[in-house]
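Everything below concerns the one structure shown next.
Chain naming here is simple, since letters A, B, ... match the order of the sequence lines and numbering starts at 1 in each.
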Amino acid sequence: MNNREIAETFDKIADLLEIKGEVIFKVLAYRRAAESLRELASDVAGHHQQAKLTEIPGVGKAIADKIDELISTGKLGFYEKLVQEVPETLVELLRVPDLGPKKAGLFWRELGISTLSDLESAAKSGKLRSLPGMGQKSEAKILAGLESLSRRTLRTPIGQAWPVAQELLAKLRGVPGVQTVELAGSLRRMKATVGDIDLLAAAEDSHAVMDAFAQDPEVSRILSRGETKASVEFRNGLRAQLWVHPPQRFGTALQYATGSKEHNVRLRELAQKQNLSLSDQAFLRVDGREILCADEQKVYETLDLPWIPAELREDRGEVQAARQGNLPELLELADIKGDLHAHSTWSDGKNSILEMAKAARKRGWNYMAVTDHSHSLGVAGGLSAEELLAQREEVEKAQTELGDSIHIFHGVEMEIRADGSLDYPDEVLAGLDIVIAALHSGLRQPRQQVTERMLNAIRNPHVDIIAHPVGRLIPDREGADLDLETIFKAAAEHGVVLEINSDPRRLDLDDVHARRAIEMGVLLTVNSDAHSPAGYDLLQFGVAMARRGWVKASQVTNTWDLEHLQGWIKKRGK
DNA sequence: GCCGTTTTCGGCCCGACTGTTTTCAGTCG
């Protein structure tokens, strides 16, 4: 059992215990343990082997025993006993908006409802409204929730939420009387997927901005609307909420709404130690006096902390680092001097090499790499060795036309084939400036086999970069079951660079693994994987993922200037 | 069930909004 599977088991236990009516802190303990396992960059099996399970935050004696049982036997007696008491299927009811554990428990005990279809028929036949605390409106809400669930079951990838949020921001910022509007929540923290769009406006009077928000033409229904908070659902099922606060309280409110919850808990602890209580509105002194913060800097300053970038606010040690003055100088988009992974019409790109290079130049970059697919990736029109040679001529022609305004590297995105071999012989690879290797097939192979394939590519002296190492596709596909510790070690040893792919469907490496990789001395590159000039825009998502992984500019090869990068390539034996 | 530079026992963030209540419970973030 891997980290994710064990975390899922604990989350289910938490849900079932909560429906059962167990004390909330026991429920929270299981959730915290699950979260902690997901955050773990290394394999829990390793901690298990070394009997160090309780060193994982949130894991004590009881949960360590359960992890032990799960790893040793693949089963958990406690869980099996629990699902005898509370049907396992009840957890799916919790995915219905406005339906939580209390009502799920009530429906189950009173009406024997244990599945979504049970719930739907009970709601349609009017049985729910007879229960205590339920009425017609609650019943209608459940039906509406079921309907919205059928349209949207998963969290929304950031690539979908981002443009919607930007439009909303622009629109709300134009409302008279509004001083600022900012993103908050997981979207501001730039998580790969978001639950909804959180927005925060500063205004003395909330009515105008609330109106503009609720009357947006894309809004299909208004879920709630008050003086300070409103929440809506768009036609595509995506939800957004807006808080409005007076400007003098905006900093506190923005900090609070940005989260994460865990980060905020950490700040509250600090506040308590200073005899302050921190709410979403202001600090409160014991004598009842308030400390208002118009901006976030003041919130952190009041706690004797430097401002912490939103991408770091996940309670992964950032508060402690801030206290010690050890916050990393995070990578910024402006640090990027070029892109090392882009496609042209030679394979599945939409534009010529010259067009892609010109677009890169327009962004102020000093270099870019043309890295089309290799022939095994037939669906993408991969290049044969001969075509690759012919492509070189076109690269040189484009370079002549562009002069020294931008440098074009000739590279390739080469398949690591399912049998572990590489798609070109060494002599072909030797003629290229940059060789990227990537897995696109055989992603479901057993851990050892797929890891060995990757290691084989890393050990090849011509391979410079591994693209989107894990191969996940958000939200459809999990990545390969790679032994990343071993891969990071090999990459560091052979000087092979690992990519953070900026395509919002990939964001691979992710934040947790990127952080682990740099800890182990691996160099990274943040690439667009652009198939058209617009694809370069995606780089902001890759940069955000790097920031979430505590990555500094110096650890990213495409922040280096051209000479430095060329020197590095030369040193690798090209 | 976890955790500890005020605690090995007693905390564990807290307020807005909604719908059902006639003073509050449930959900959400």
Atom pair CG (Asn2(A)) and CG (Asp481(A)), whose distance is rounded to the nearest 0.5 Å: 6.0 Å
Gap between atoms CD1 and P, on Ile222(A) and dA16(B) respectively (whole Å): 21 Å
Sugar-phosphate only, base, or nothing, as touched by Pro101(A) at under 4.0 Å among non-hydrogen atoms: sugar-phosphate
Phosphate contact (dA16(B) OP1 or OP2) by Ser224(A) side-chain N/O below 4.0 Å: no
For atom CD1 of Ile24(A) and atom P of dG11(B), their distance in whole Å: 18 Å
5' precedence on DNA chain B between Gly133(A) and Pro57(A) (nearest-nucleotide basis): Pro57(A)
Side chain of Ala29(A) (C-beta onward), nearest among dC14(B), dC2(B), dT6(B): dC2(B)
Value in whole Å for how far the P atom of dC2(B) lies from OH of Tyr30(A): 7 Å
Sugar-phosphate only, base, or nothing, as touched by Tyr256(A) at under 4.0 Å among non-hydrogen atoms: base
Sugar-phosphate only, base, or nothing, as touched by Glu227(A) at under 4.0 Å among non-hydrogen atoms: sugar-phosphate
Protein-nucleotide distance (Leu106(A), atom CG; dT21(B), atom P), rounded to Å: 12 Å
Sugar-phosphate, base or nothing in reach of Val59(A), heavy atoms under 4.0 Å: sugar-phosphate
Given dC14(B), dG19(B), dG1(B), the nucleotide with the shortest approach to the side chain of Arg268(A): dC14(B)
Side-chain N,O (Ser231(A)) to OP1/OP2 (dC28(B)) below 4.0 Å: no
Lys26(A) side-chain proximity, nearest of dT20(B), dG29(B), dG1(B): dG1(B)
C1' atoms of dA16(B) and dG11(B), separation to the nearest Å: 25 Å
Sugar-phosphate only, base, or nothing, as touched by Gln136(A) at under 4.0 Å among non-hydrogen atoms: sugar-phosphate
Sugar-phosphate, base or nothing in reach of Leu99(A), heavy atoms under 4.0 Å: sugar-phosphate
Residue Lys141(A), side-chain atoms from C-beta onward, closest of dG26(B), dG19(B), dC2(B): dG19(B)
Option among Lys141(A), Gln241(A), Arg239(A) that satisfies the side chain to side chain contact (heavy atoms under 4.5 Å, CB included) test with Leu223(A): Arg239(A)
Distance between C1' atoms of dG1(B) and dT6(B) (Å, rounded): 23 Å
For dG19(B), the Watson-Crick or wobble counterpart (both distances under 3.5 Å): dC24(B)
Toward the 5' end of DNA chain B, by each residue's nearest nucleotide, Phe25(A) or Lys102(A): Phe25(A)
Nearest-angstrom distance, P atom, dT22(B) to dG26(B): 15 Å
Sugar-phosphate only, base, or nothing, as touched by Lys261(A) at under 4.0 Å among non-hydrogen atoms: base
Mutual orientation of the aromatic rings belonging to Tyr30(A) and Phe78(A) [parallel < 30°, tilted 30-60°, perpendicular > 60°]: parallel
NZ/NE/NH1/NH2 to OD/OE distance under 4.0 Å, Arg221(A) and Glu147(A): no
Nearest-angstrom distance, C1' atom, dG15(B) to dC9(B): 29 Å
Per Val265(A) side chain, nearest of listed nucleotides dT27(B), dC13(B), dT20(B): dC13(B)
Residue Ser138(A), side-chain heavy atoms: nucleotide from dT20(B), dG29(B), dG1(B) that is nearest: dT20(B)
Between dC28(B) (C1') and Lys103(A) (NZ): distance, integer Å: 12 Å
Minimum-distance nucleotide to Asp280(A) side chain [options: dG29(B), dG15(B), dC2(B)]: dG15(B)
Reported CZ-to-CZ distance for the pair Arg316(A) and Arg266(A), which is rounded to 0.5 angstrom: 13.5 Å
Length of the line joining Lys61(A):NZ and dC3(B):P, which is rounded to integer Å: 14 Å
Sugar-phosphate, base or nothing in reach of Gln281(A), heavy atoms under 4.0 Å: nothing
Distance, nearest 0.5 Å, that separates CG of Asp503(A) from OG of Ser528(A): 9.5 Å
Integer-rounded Å distance: dG19(B) C1' and Ile142(A) CD1: 12 Å
N-O pairing of Glu85(A) and Lys20(A) below 4.0 Å: yes
Nearest-Å distance for atom pair NZ/P, residues Lys66(A) and dC2(B): 7 Å
